[in-house]
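Here's the structure, in structure tokens; my notes come after.
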Amino acid sequence: MNFRRSILVMTVFKTDTNHIRQPARSTSPFRSLGVAIERASTVVFDDLEAFEQRSERLYDGFSYGLYGTPTSRALEDHIALLEGGTRALVTPSGLSAIVVATMACATAGDRVLLPDTLYGPAKDMAHQILAPFGVEVVVYDPRLDAAIESHITPRTTLIWVESPGSATLEVQDISAIVAVAKAKGIPVAADNTWASHLLYRPLDHGVDIAMQALSKHASGHGDLLMGSLAVRDEALFRRLKDKARLLGYGVSPDDCALCERGLKTMPVRMRQSAATAAEVIIWLKEQPQVARVLHPAEPDHPGHKVWERDFKGAAGVFGVVLKPCGRDAQSAALSALHVIQIGASWGGVHSLVAPSDPRKGRQFCDWLPDGPYWRLSIGLEDSADIIADLAKAFSALVAHAPRQTSNQLGHAAE
Ligand SMILES: *Cc1c(COP(=O)(O)O)cnc(C)c1O
């Protein structure tokens, strides 16, 4: 048999078309409780006219998988409802949601204001991508509140807020900032990932764009990446959607369905996480190794009053500053943890610790006491197990502390 004949032998069976075309079958009366996962790059049309008019379907209908599937639109409708918006857009990560919102509002020559506490990679994005394109990026002290006015110029086209802020949890008076911005016609965007729509709805407080990293509380299991932007203004929604389209941002319908599933348990997860976090914080504050706990629900937190005024509750994510102890002691303490795992991201069912230095890359953080910083995200494990885990870590810390702490050891034993 020659080679060409042997390689094409299967073509004698004329079944190829049947392999491509699925037989039609009615799905009625099937109805499931989950959102249907509909995958697509290609969307097909009935006729020439429908195909030629597909771009008109960008904002509502379906034209190409990148611009929306029934699964992503279902999640967007749900987010819009929960945020108190009329429209929402989902993007492939929290960071990409920040990119879309910022690029939709600022172009060369414009000024954007970012709080010093804005999610670190978002600040890096602004400095490394937007600034070289001519956007003026100004980082402000998150404690400025109404005094932010001093940073506003006629070319200021966007103010970001994040409250409580990344890592150090400063609370911003968003209403005061919105009042200043509204008077000058400047849109305000809020990274509301810590609180989520459950504890604070930015749109109800006059914010124009409510953003959250759905990777955190909403998806809730540390296994997917997505972000959302919710608005009440159709023209603004279209600007955001256009920008996401031109940047090539699309989301996987599988991830959307997982996120939709996450939303359903989100309130019970967040309540439980906050309740356990409260127990952990009470215990932490009694430990001699702890210099400070950073959580806005703490009455001695500088932002406590504004937090109490604006927020409906607490999230189980907070910062702990340890007394200065040396790298080896800190490292031994982290290695002693077994219930709490070392990792970035938060808001999921697993308790996590992210040891990092929030002073790095910050301009307005001099108030933070010296010592190692741990961001804790309390998951759904038993509170006694989490506290016992931390107790083991602190024992390891004391055992590995450098010499001068033998005094402290003595005190601790007293
Ligand atoms: C995690 C996080 C983001 C980014 O979300 P990704 O989905 O990881 O890109 C943005 N803002 C805050 C406050 C976050 O914690």
Donor-acceptor contact present, side-chain Lys182 to main-chain Gly206, <3.5 Å:
yes
Does Met125 form a side-chain contact (heavy atoms from CB on, under 4.5 Å) with Leu130? I'd like the steps, not just the answer.
CA-CA 7 Å; Met125 177 279 297; Leu130 300 183; 3.9 Å; yes
Is the closest side-chain donor-acceptor distance between Glu260 and His78 under 3.5 Å?
yes
Any chance you could measure Tyr373, atom OH, to Arg359, atom CZ, to the nearest 0.5 Å?
10.0 Å
So, the side chain of Asp110 versus the backbone of Thr107: is there a donor-acceptor pair under 3.5 Å, distance only?
yes
Distance alone, cut at 3.5 Å: any donor-acceptor contact between the side chains of Arg21 and Thr17?
no
Flag this pair as yes if the NZ/CZ of Lys216 is under 6.0 angstrom from the six-membered ring centre of Tyr119 and inside a 45 degree cone about the axis; otherwise no.
yes
Closest approach of Ser345 and Leu352, non-hydrogen atoms and distance?
O-CD1, 3.4 Å
Check step by step if side chain to side chain donor-acceptor pair (under 3.5 Å) holds for Ser331 and Arg327.
CA-CA 6 Å; Ser331 172; Arg327 189 181 160 79; over 6 Å; no
Indicate whether the side chain of Glu298 and that of His304 have a donor and an acceptor atom separated by less than 3.5 Å.
no
Taking the side chain as everything from C-beta on, heavy atoms only, tell me whether Ile340 gets closer than 4.5 Å to Ile386.
yes
Does a side-chain heavy-atom distance below 4.5 Å link Val251 with Thr69?
no
4.5 Å side-chain heavy-atom contact, Glu136 and Arg155:
no
Can you check whether Phe364's main-chain N or O pairs, donor with acceptor, with Asp141's side chain at less than 3.5 Å?
no
Gln272-Thr276 side chain donor-acceptor pair, cut-off 3.5 Å:
yes
Any donor and acceptor pair, going by atom type alone, linking the side chain of Asp116 with main-chain N or O of Val139 inside 3.5 Å?
no
Less than 4.5 Å apart, any side-chain heavy atom of Arg292 and any of Leu368?
no
Whether Tyr140 and His151 hold their rings parallel, tilted or perpendicular, with breakpoints at 30° and 60°
tilted
Side chains of Ser383 and Glu279, donor plus acceptor under 3.5 Å
yes
Should the ring pair Phe51 and Phe45 be called parallel, tilted or perpendicular, given that the plane angle runs from 0 to 90° and is split at 30 and 60?
perpendicular
Could you give the distance from CG (Leu224) to CG (Asp254), rounded to the nearest 0.5 Å?
10.5 Å
Is it the case that atom CD in Gln22 sees more than 12 heavy atoms from other parts of the structure closer than 6.0 Å?
no
Within-4.5 Å side-chain heavy-atom neighbours: Ile159 and Ile152:
yes
Please check if the side chain of Glu76 supplies one atom and the backbone of Val90 the other of a donor-acceptor pair under 3.5 Å.
yes
Tell me, with the steps shown, if Leu337 and Lys392 meet side-chain contact (heavy atoms from CB on, under 4.5 Å).
CA-CA 7 Å; Leu337 291 168; Lys392 264 196 318 190; over 6 Å; no
Are Val231 and Leu89 close enough that some pair of their side-chain heavy atoms sits under 4.5 Å apart?
no
Nearest heavy-atom contact between Asp191 and Trp160 is N-CZ3, 3.6 Å
Could you check whether any side-chain N or O of His400 sits under 3.5 Å from a backbone N or O of Ala396, counting only pairs where one atom can act as donor and the other as acceptor?
yes
Spatial distance of atom CG (Leu284) from atom CD (Gln289) [nearest 0.5 Å]
10.0 Å
Exam field: side chain Thr71 to backbone Glu38, donor-acceptor pair closer than 3.5 Å
yes
Using 30° and 60° as the class boundaries, would you call the ring planes of Phe394 and Trp283 parallel, tilted or perpendicular?
parallel
Give me the atom names and distance for the closest heavy-atom approach of Val137 to Ala126.
CG2-O, 3.5 Å
Matching residue for Asp242 among Arg239, Arg238, Arg245 - test: salt bridge (Lys or Arg N to Asp or Glu O under 4.0 Å):
Arg245
Pairwise distance CG(Asp370) to SG(Cys325) - rounded to 0.5 angstrom:
11.5 Å
What heavy-atom pair brings Thr117 and Pro142 nearest, and what distance separates the two atoms?
OG1-CB, 3.5 Å
I'd like to know whether the aromatic ring centres of Trp346 and His217 sit less than 6.0 Å apart in this structure.
yes
Does Ser273 use its side chain to pair, donor to acceptor, with the backbone of Arg269 at less than 3.5 Å?
no
Test side-chain contact (heavy atoms from CB on, under 4.5 Å) on Thr102 and Val135 and set out the steps.
CA-CA 10 Å; Thr102 312; Val135 175; 6.0 Å; no
Using modelled atom types and a 3.5 Å cut-off, is there a donor and acceptor pairing between side-chain atoms of Arg143 and backbone atoms of Gln172?
no
Is it the case that Arg362 and Thr168 place a side-chain donor and acceptor less than 3.5 Å from each other?
yes
Pair Trp194, Gln212: side-chain N/O donor-acceptor within cut-off below 3.5 Å
no
Are the side chains of Pro355 and Ile342 in contact, using a 4.5 Å heavy-atom criterion?
yes
Is any side-chain heavy atom of Leu334 closer than 4.5 Å to a side-chain heavy atom of Val353?
yes
Just by distance, do the side chain of Ser219 and the backbone of Gly262 share a donor-acceptor pair under 3.5 Å?
no
Should Arg87 and Asp60 count as an ion pair when the cut-off is N to O under 4.0 Å?
yes
CG of Asp173 to CD1 of Ile148: how many Å apart, nearest 0.5 Å?
11.0 Å
Cut-off 3.5 Å, side chains only: do Trp367 and Glu170 have a donor facing an acceptor?
yes
